[in-house]
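Working notes for the structure below.
Small disclaimer: the values here were computed from a predicted structure and weren't measured.
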Amino acid sequence: MSVLSQEELFETKSPRKLNETELSSLRELLKKEASSTEGGDDEDINDLLDYAFAMVGNGKAVGYVVDELISMEMDGCDAEAAKRMGARLAIFLRD
């Protein structure tokens, strides 16, 4: 298995709509990435994730999602957290 660059990971799109089980698992994974950042509460993080999942469901690439999360400038999701979340999301979608 080859190692993908961040650029290659961020080009990833979901091949299909995710089911509830997948969304639940993914939510837990991404919450861990967001919670490693100071600030933000569960409600803010859940709102971010809902928005991210909507974008993924609408066929947006992971990089687009990351850029949107960064542009929101919310506590609990700085640029580094958004990039970690994007990498985790891309790996999840590729599995």
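- Other residues, nucleotides and ligands contribute over 12 non-hydrogen atoms within 6.0 Å of the CD atom of E28.
- Rounding to the nearest 0.5 Å places CD of E11 at 7.0 Å from OG of S5.
- Looking only at distances, no side-chain donor or acceptor of N58 sits under 3.5 Å from a matching main-chain atom of K60.
- In this structure, V66 and M85 have side chains that are not in contact, with every pair of non-hydrogen atoms separated by 4.5 Å or more.
- The distance from atom CG of L49 to atom CG of L26, rounded to the nearest 0.5 Å, is 7.5 Å.
- When every heavy atom of F10 is checked against every heavy atom of K83, the shortest pair comes out as CZ-O, 3.7 Å.
- At least one donor-acceptor pair closer than 3.5 Å links the side chain of S25 to the backbone N or O of T21.
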**Message:** Assess the residue pair I45 and M74 against the criterion (side-chain contact (heavy atoms from CB on, under 4.5 Å)); give the C-alpha distance rounded to whole Å, side-chain angles, the decisive distance to 0.1 Å, and a yes or no.
**Reply:** CA-CA 9 Å; I45 292 169; M74 292 184 73; over 6 Å; no

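- Of all non-hydrogen atoms in A79 and I70, the two that sit nearest each other are CA-CG1, 3.8 Å.
- Rounding to the nearest 0.5 Å places SG of C77 at 12.0 Å from CG of D47.
- With R88 as the partner, the side chain to side chain contact (heavy atoms under 4.5 Å, CB included) test is satisfied by one option alone out of L9, L29, L93, V62: L29.
- Scanning both residues, S71 and E68, for their nearest heavy atoms gives OG-O, 2.8 Å.
- Ionic pairing of D50 and R27 is present here: one or more N-O contacts between side-chain nitrogen and carboxylate oxygen are shorter than 4.0 angstrom.
- Within the model, atoms CD1 of I91 and CZ of R94 stand 9.5 Å from one another, a figure rounded to the nearest 0.5 Å.
- With sequence neighbours left out, E22 forms a side chain to side chain contact (heavy atoms under 4.5 Å, CB included) with R16, L18, N19, F92.
- Checking side-chain atoms of K13 against main-chain N and O of A61 turns up no donor-acceptor pair under 3.5 Å.
- The two residues L48 and L69 make their nearest non-hydrogen contact at CD2-CD2, 3.7 Å.
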